[in-house]
Amino acid sequence: MTIDKNFDPAAIEAKWYPHWEESGQFRPKRPEAPPYTIVNPPPNVTGSLHIGHALDNTLQDIMIRYERLRGKDALWVVGTDHAGIATQMVVERQLEEKQDKRTNYTREEFVEKVWEWKEESGGTITRQLRRLGCSMDWSREQFTMDEHFSRAVLKVFVDLYNQDLIYRDKRLVNWDPKLKTAISDLEVETSDIKGHFWHFKYPLADGAKLDSGEDYIEVATTRPETMLADMAVAVHPSDERYTSVIGKHVVLPITGRRVPVIADEHADPELGSGAVKITPGHDFNDFDVGKRAGIAPGEMLNMLDGEANVCQTADGLVPEEFIGLHRFKRDKVDGARELVVQRLKEGGFLIPHITKNKDGEEVEHDAEPRTIATPFGDRGGVVIEPWLTDQWYVKADVLAQPAIEAVKNGDIEIVPKTWEKTWFNWMENIQPWCVSRQLWWGHRIPAWYGPKLDDEFNDEHDSERVPLVARNEDEVRAIAAKRYSVPPDDIIIVDTEEEYALEGVKTENAGKEILVRDQDVLDTWFSSALWPFGTLGWPEEEPTPNPSRKREGSETYAAEGEVSRSGVGAPSLLQKHYPNDLLISGFDILFFWDARMAMQGIHFMGEVPWRRLYLHGLVRAADGQKMSKSKGNVVDPLGLIDQYGADALRFFMAAMESQGRDIKMDDKRVEGYRNFATKLWNAARFAQSNGIGASDTLAAPEATLPVNRWIIGEVTETLAALDKALEDLRFDAAANAIYHFVWDNFCDWYLELIKPILNQSSPPVGEVASAEASAKADDGGGLDNDTPTPTPPHKGEGLNEVDETRKVAGWVLDQILVMLHPFMPFVTEELWHAMAGGEGRSYDLIVAKWPNPRAEVDAEAKAEIEWVIGFTSAMRSAKNELGIAPGAKLDCWFPAVMGGKVAPLISTLERVARMGAANFGDAPEGASMQLVVEGQTIAVPLEGIIDIDAEKARLAKALEGVSKEVKSLEGRLGNANFVERAKPEAVEKARSDLAEKSAEADRLQAALDRLG
RNA sequence: GGGCGUAUAGCUCAGUGGUAGAGCACUAUGUUGACAUCGUAGGGGUCGCAAGUUCAAUCCUUGCUACGCCCACCA
């Protein structure tokens, strides 16, 4: 197949991806092979690919393709997340656009609509992942609300409940009044906003007075509206200003509620007046203070409804004019906050804030301006309201302990290591995790509420019902039947509170027990935490110690479903692929997802979910800003793929991914990697047009020519660097290693060096008697330009040098394609096939073998080629600086001792360095250019051609550079402390460097002297 | 208030206890049959500041400055 002149990434991408997928090569059947497993962070099912996904998935694909090439049973689990809040919001927004809303539908109807939307848009992101070239196992694509996955979720909830690790509790929760659901601590984002600090007088009741004589206590607040539900005023127990009134009461303005003055350490005497109003139902601190003061959560007054509008408190003391107002000003309409301030001001309860204007006059303000750290919901974007509700909580602190331990003892390796501290810090201070959400889209909590038994009531504030937790209705029916001592048929299950409240339900079922299903769904992260095992067959495949599961160093695995020799069943998918080998995620979901996976994985599987956790940073806009829709600086990865190709984008991501740093977007760099792909394309095209084709060996071919021996050694070194980099998860180092090899070593030098070989006709083996020529050269005798190209002797049975070179070049190109494939899968696969001869390749590159050159680096060849490179560079540089045409063929005089070394290279040097005749011995008298290469001076006579002064200046400059180094080395070696105390190797190196540099300086000096 | 990260060439970033590298940009130059999405050559950095450790510091330690991120209930 002839390689096209033009490299067209789009055409290649469209061709190979479907081929790979349809032929099942993303997970070839390798039952005997050691496993390698990564689970993909499931993207939001209705989302689309953003630049962060591009980074995340590129890195994973590199590792999966690499391990697949290394022969592993590489499994990349893929699927999508139902993303409860996000998805429900999208669908609700769609309804809003049609002047419709969720509550116009039943729960079933609405959820049906979400499913429809999921079906409609759910393919978007998976299509986009394919465009990026990601080689996931699509045949096992999953969704967090798939039936089997939901079973896992239910089991986890029920088990945790039965293990007393999930409980229901009434306490303050972060409530999003826009989405009307509870959210977890992690979903709250605090940001500073400008606000005010108001000071109020709370009059003391019963004529009490402070020692200072005042008949009120001053309190200050940033949230005046909550005073409608104040239940105390707290002062520090040792604050002498207030000790006399502790235990007495104040009468709250507006509501007239009598509340006690209590002593609590929470009150900071240094702050404001030292007295603080306590609203246990609307402030996390106050909640704790209230509890300490003996107020049960059920007694705590609540003055806001789910949308943060004022409602009547239990004691009925909120004036009518407040009912229904929003908590604060919204859409330019004043809310309860503004009205409270107004009424307090009118009543003389507001202590004004005094400032002086520029004329020194005092000015009164209602409040002091102040920056307030305010909690916002990360999805809804509105201020979070601490709200008193019953929610489900997970005892995260218990689950966190083993996860801490796993990192400490190395079961989980976090890369980069700096994140360990963050891991520990968060895990060690972890709070109960609120997992219930007041949404319709998600995993419904498997709890049903039944009446309390008589002995279950603690106090009058307790709810009437208790939860019964089970995986399904049959199970809960059985539990309830036992609990209530009635036949299972007498347990009636209703789905909603509305249904329960319907006329007749209770009367029709008189004598039976009615259970009402919990209305809430689970936090999305509760389910995605199970991804590493829920996607592999759990809970059907329970985790059992499996003797045939092998660790590192194992050679074979029994095939799934087969029976191994020992008679033990072959490992299940779960057994084979759990723990996963690696998890790659952005650090932004470290707590949301990674930490929870670790907790759940260890708890339910008894083993960590993954051996290594790699955390990468954010992809930022070119100016370093975070990308966001509102800023309008979002870069669409699909656009970059269209423009530069998926390979280029992928390579960019890899090359920029150094550990512990964010990536700044840089289109020019993506373009550069597109150019790199083009470069490779053209190199392959050149190779092909010179009779170079696919290699027929995996091991390096036998080679006699230094240039071939050299490039084979370079492959070996590159491979080692690449393997090391990928082992260390240094994607940048890996990308740079292969980039440098392809462009610099292979294209710039190797292909240039073999051109003279390829251009000669292919003489039959044995006809080129080169030994003679070499021997002649060794004598130091002059060789003129007409001497036939000397060729080193051939070993073994016969390849002439053209054939050998073609073979080696074909092999090297094959190795390049394999090594580059994880980074640039498309162009490499295309070239892999394009380079093949008539028969074609017997397998696709995606399942090729990772290089195993079984070749040592040939030091002799390496030295020789490096000398050629040094000579050529010196020649080019000198010509350039002296203004000599680069194409000018200049005769050279080499020292006689170099005859043996130079003679075989003459044709190469003629071509690459544009050398004229090679002569050995002393150069003729007269002006000449002097090249100093590795300590040898080569004279290039240029009488009358060059500007002597220019050459002098050039040499002087070179001498200056070398002298500087010599001076530095001499200084160091002259320092007795250095010689005595430095490591012997360092001293030795300094000595040899000095010898070398001094020699070079001497030669340069000599060359200068010759010019007069 | 804690924790973390980053400061290296004009830009974006690697890197090492022994006087620094890449890509892009820049300058000069090039129609030598792979490639101008290219070749060749070149300029450009007291490695944020200060002190310390060391024979030797861009690298280790401490402090400072600047920027960024995360966590935390300051009314």
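All values below come from the heavy atoms of this structure, side chains included, with hydrogens, waters and symmetry mates left out. Chain naming here is simple, since letters A, B, ... match the order of the sequence lines and numbering starts at 1 in each. Note that the structure is predicted; figures quoted are calculated from it, not measured.
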Q.
Base, sugar-phosphate or nothing for A:Arg685? Non-hydrogen atoms, less than 4.0 Å.
A. sugar-phosphate
(Q) If you go through the side-chain atoms of A:Lys679, does one of them form a donor-acceptor pair with the base of B:C35 closer than 3.5 Å? (A) yes
Q.
Please report the distance separating the P of B:G23 from the corresponding atom of B:U40, rounded so that it comes out in whole Å.
A. 11 Å
Q) Which is true for A:Lys964 with a 4.0 Å heavy-atom rule: it touches a base, it touches only sugar-phosphate, or it touches nothing? A) base
Q. Over how many whole Å does the gap from A:His616 atom NE2 to B:C4 atom C1' extend?
A. 18 Å
Q | Which residue lies more 5' along RNA chain B, comparing A:Ala622 with A:Asn975 via nearest heavy atoms | A | A:Ala622
Q.
Give me the distance, rounded to whole Å, that separates B:U58 from B:C71 when you measure between the P atoms they each carry.
A. 37 Å
Q: Please work out if A:Thr678 contacts a base, only the sugar-phosphate, or nothing of the nucleic acid, heavy-atom cut-off 4.0 Å.
A: base
**Q.** Spacing of A:Asp588 atom CG relative to B:C4 atom C1', expressed in whole Å
**A.** 16 Å
Q: Classify the side chain of A:Glu752 versus the base of B:A34 as yes if they form a donor-acceptor pair under 3.5 Å and no if they do not.
A: yes
Q. Within less than 4.0 Å of OP1 or OP2 of B:U40, is there a side-chain N or O belonging to A:Lys879?
A. no
Q) What does A:Arg876 touch in the nucleic acid at a heavy-atom separation under 4.0 angstrom: a base, only the sugar-phosphate, or nothing? A) sugar-phosphate
Q) Roughly how many Å is it from CG in A:Asn682 to P in B:A34, rounded to a whole number? A) 10 Å
Q) In Watson-Crick or G-U wobble terms, both distances under 3.5 Å, what is the partner of B:G5? A) B:C67
Q: Report yes if a side-chain nitrogen or oxygen of A:Lys668 is closer than 4.0 Å to either non-bridging phosphate oxygen (OP1 or OP2) of B:A25; otherwise report no.
A: yes
Q.
Classify A:Ser968 by what it touches in the nucleic acid, base, sugar-phosphate, or nothing, heavy-atom distance under 4.0 Å.
A. base
Q.
Just the rounded figure in Å: distance from C1' of B:U29 to CG of A:Leu882.
A. 15 Å
Q.
Taking only the P atom of each, what is the distance from B:U54 to B:A75 in whole angstrom?
A. 49 Å
Q: Name the nucleic acid region contacted by A:Trp743, choosing base, sugar-phosphate or nothing; use a 4.0 angstrom heavy-atom cut-off, strictly under.
A: sugar-phosphate
Q) Do A:Ser963 and A:Glu960 have a side chain donor and acceptor closer than 3.5 Å? A) no
(Q) If you assign each of A:Ala234 and A:Lys983 to its closest nucleotide in RNA chain B, which residue comes earlier from the 5' end? (A) A:Lys983
Q) Just checking A:Glu218: base, sugar-phosphate only, or nothing, at a heavy-atom cut-off of under 4.0 Å? A) nothing
Q. Base, sugar-phosphate, or nothing for A:Ala687, non-hydrogen atoms under 4.0 angstrom?
A. nothing
(Q) Could you tell me how far B:C35 sits from B:G43 if I compare only their P atoms? Round to whole Å. (A) 29 Å
Q) Is the shortest side-chain N/O distance from A:Asn675 to OP1 or OP2 of B:C38 below 4.0 Å? A) yes
(Q) Work out how far the P atom of B:G10 is from that of B:G17, and round it to whole angstrom. (A) 25 Å
Q: Describe the nucleic acid contact of A:Lys967 in one word from base, sugar-phosphate, nothing, applying a heavy-atom distance below 4.0 Å.
A: nothing
Output side-chain donor-acceptor pairs under 3.5 Å for residues 978-995 of chain A, partner residues at least two apart or in another chain, one line each.
residue	atom	partner	partner atom	Å
A:Lys989	NZ	A:Asp993	OD2	2.9
A:Ser992	OG	A:Lys989	O	3.1

Q: May I ask you to check whether over 12 heavy atoms, not counting those of A:Lys964, lie within 6.0 Å of atom NZ?
A: no
Q: Verify the contact: side-chain N or O of A:Arg661 to OP1 or OP2 of B:C69, cut-off strictly under 4.0 Å; return yes or no.
A: no
Q. Is the shortest side-chain N/O distance from A:Lys277 to OP1 or OP2 of B:A75 below 4.0 Å?
A. no
Q) Any side-chain heavy atom of A:His196 within less than 4.5 Å of one from A:Pro224? A) no
